[in-house]
Asker: 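Pasting a structure below so you can have a look.
Computed from a predicted structure; not experimentally measured. Lettering follows sequence order; numbering is per chain, from 1. Excluded from the calculations below are hydrogen atoms, water molecules and symmetry mates; all remaining heavy atoms, backbone and side chain alike, are included.
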Amino acid sequence: MPELPEVETVRRGLEKYLVGHVIERVEVINPGPFQGDEKNVEGHKVIEARRSGKGLIIDLDNDFSLAIHIKLTGQLIYRDEQTKNEPLSPKAGSLPGKFTHVIFHLDKGGLLYYNDQRKFGWIRVVATDEIMNISFFKSMGPEPFGLGIGDELTLEKFQSILSKAGTKVKPLIMDQVKIGGIGNIYANDALWNAKIDPARPGKSLSDSESKELFDSIIKVMELSFAEGGASELTFVNILGQEGNYQSHTLVYGKTGKPCPRNDGGVIRRIELGGRGTFYCDKCQH
DNA sequence: GCGGGTGTTCACGC
DNA sequence: CGCGTGAACACCCG
C-alpha cells in the first residue's frame with residue numbers, strides 16, 4: 001500500500017477510530033511481524049496517531065508506542081459495532097483471514113486487524129522517546145505537504161537536494177533519506193507530468209524543471225488523497241475499502257500503451273535502481 | 001512455469 | 001564515504 005497518500009489515509013483512519021480507545025488485548029497469531037512486549041500495550045489507551053514518511057506511530061498513554069511499517073501489502077482494518085456492516089473490499093479478505101497476523105482487541109468490542117500477505121511489514125512496541133532511535137524514522141527526509149512529524153519539503157529544499165545529486169532523478173526522489181514518502185507510482189507519474197526523463201541526473205535539471213517536478217509531485221499526490229489512495233495491490237483504508245487512484249495512473253504500469261498526451265509516444269518500461277520505471281519515449285526529456 | 005510487484009535493508013564492489 | 005547493484009524477505013496474480 002504504501003506511499004505517502006496511502007499511509008496518511010490510514011493515519012487519518014487511526015485518528016478517527018482508534019484514538020481514545022483502550023487496547024485491552026493483543027492477539028499475536030504470527031509472531032514474525034510483531035516485535036516487542038504485548039504487556040506494554042495491553043490495558044493502555046491510544047492518545048495519538050502520527051506518521052513520518054511511509055511509517056506510522058501509534059502513541060499510548062504509558063509512554064510506549066507502536067511503530068508500524070506496512071511495506072507493500074500490510075493492512076490495518078478496524079471493525080466495531082458501528083462499522084461492521086460497512087462494505088469490505090475483497091482485498092481485505094475475511095476477518096480474520098489467512099494473512100491476519102495480529103488482532104488488537106479494543107474496548108467496546110472494537111477490533112483492529114493487521115493483515116500482511118507478504119509479511120514484509122513490522123509492528124514494533126517501543127518506548128515513545130525511543131522512536132527516533134529506529135533508523136527508518138531517524139533518517140527520514142523532509143516530506144511533501146508537511147503532514148508528517150518531520151520537516152516539510154519546500155521547493156527550495158527540493159531544488160537544493162536535486163542540485164547536489166549526480167544520482168538519476170527517479171531513484172533520487174524515491175530515496176527516503178533525501179525525501180520522505182515518495183514511492184514508485186507517484187515518482188513515475190510525477191516525472192511524466194513534468195516531462196522529465198527519469199534517468200537524468202538530479203543536478204542536470206534546470207530550476208524551472210525542478211520546480212515543475214516539485215509541483216507535479218504535489219499534484220499527483222493531491223489527486224491520490226482525493227481518490228483515497230491507490231489500491232493497485234492490496235491497499236485498503238481503515239474501514240477495509242479501496243482507494244481509486246490506480247484508475248487515474250498516468251504511466252505507472254502502462255507499458256506499451258500510448259502516452260496519455262496522445263503525442264504519438266509509447267510508454268516504455270526500464271529498470272532504474274532495481275525498480276520498474278515507466279516513461280513516454282516521446283515527451284520526457 | 002515465469003515475470004513482476006505502492007518497500008526497506010544489507011552485503012558487496014568500485 | 002558515496003554510489004550502484006543485487007539479493008533477500010514471501011506470496012499472489014496474469
Asker: Which heavy atom of A/Gln284 sits nearest a heavy atom of A/Tyr279, and at what distance?
Answerer: OE1-CA, 3.2 Å

Asker: Once the angle between the rings of A/Phe145 and A/Phe225 is folded into 0 to 90°, is it parallel (under 30°), tilted (30 to 60°) or perpendicular (over 60°)?
Answerer: perpendicular

Asker: I need the single residue from A/Asn244, A/Ile238, A/Leu239 that forms a side-chain contact (heavy atoms from CB on, under 4.5 Å) with A/Gln241. Which is it?
Answerer: A/Leu239

Asker: Taking it one step at a time, do A/Arg51 and A/Glu143 satisfy salt bridge (charged side-chain N to carboxylate O under 4.0 Å, His left out)?
Answerer: CA-CA 11 Å; A/Arg51 180 186 58 75; A/Glu143 57 175 270; 2.7 Å; yes

Asker: For the P atoms, the ones on C/dA10 and on B/dC10, what distance do you get once it is rounded to whole angstrom?
Answerer: 16 Å

Asker: Give a yes or no answer on whether the side chain of A/Ser231 reaches the backbone of A/Glu242 with a donor-acceptor pair at less than 3.5 Å.
Answerer: no

Asker: Report the distance from atom NZ of A/Lys98 to atom P of C/dC11, rounded to the nearest whole Å.
Answerer: 8 Å

Asker: Is A/Lys211 salt-bridged to A/Asp215, going by a charged N under 4.0 Å from an acidic O?
Answerer: yes

Asker: Which stems does DNA chain C form, counting runs of 3 or more consecutive Watson-Crick or G-U wobble pairs with both distances under 3.5 Å?
Answerer: B:2-5 with C:11-14, B:7-14 with C:2-9

Asker: Expressed in angstrom and rounded to an integer, what is the separation of A/His101 atom NE2 from C/dC11 atom C1'?
Answerer: 10 Å

Asker: What is the distance, rounded to the nearest whole Å, between atom CG of A/Asn115 and atom P of C/dC11?
Answerer: 14 Å

Asker: Just the rounded figure in Å: distance from P of C/dC11 to CD of A/Gln117.
Answerer: 9 Å

Asker: Parallel, tilted or perpendicular, judged at 30° and 60°: which one describes the rings of A/His69 and A/Trp122?
Answerer: tilted

Asker: Taking all heavy atoms of A/Pro144 and all of A/Gly180, pick out the closest pair and write down the distance.
Answerer: CD-O, 3.3 Å

Asker: Could you tell me the separation between the CZ atom of A/Phe120 and the P atom of B/dG5, rounded to a whole number of Å?
Answerer: 13 Å

Asker: In whole angstrom, give the distance that lies between atom CZ of A/Arg118 and atom P of C/dC11.
Answerer: 10 Å

Asker: Need one value for A/Phe278: base, sugar-phosphate or nothing, where a base atom within 4.0 Å counts as base even if backbone is also close, heavy atoms only.
Answerer: sugar-phosphate

Asker: Touch check for A/Lys91, heavy atoms < 4.0 angstrom, all strands: base, sugar-phosphate only, or nothing?
Answerer: nothing

Asker: Using a cut-off of 4.0 Å between protein heavy atoms and nucleotide atoms, how would you tag nucleotides 8-14 of chain B 5' to 3' with B, S and -?
Answerer: SS-----

Asker: Using the rule side-chain hydrogen bond (donor to acceptor under 3.5 Å, both in side chains), only one of A/Arg200, A/Gln159, A/Lys195 pairs with A/Glu209; which is it?
Answerer: A/Arg200

Asker: Between atom CD1 in A/Ile185 and atom P in B/dG4, what is the gap in whole Å?
Answerer: 17 Å

Asker: Write down the atom of A/Gly121, the atom of A/Pro33, and the distance for their closest heavy-atom approach.
Answerer: O-CB, 3.7 Å

Asker: Quickly work out the A/Leu72 CG to C/dC13 P distance and round it to whole Å.
Answerer: 15 Å

Asker: For residues A/Phe34 and A/Tyr114, establish whether the separation of their ring centroids is below 6.0 Å.
Answerer: no

Asker: How would nucleotides 2-7 of chain C be written as a contact map, 5' to 3', with B for base contact, S for sugar-phosphate-only contact and - for no contact, using protein heavy atoms under 4.0 Å?
Answerer: --S---

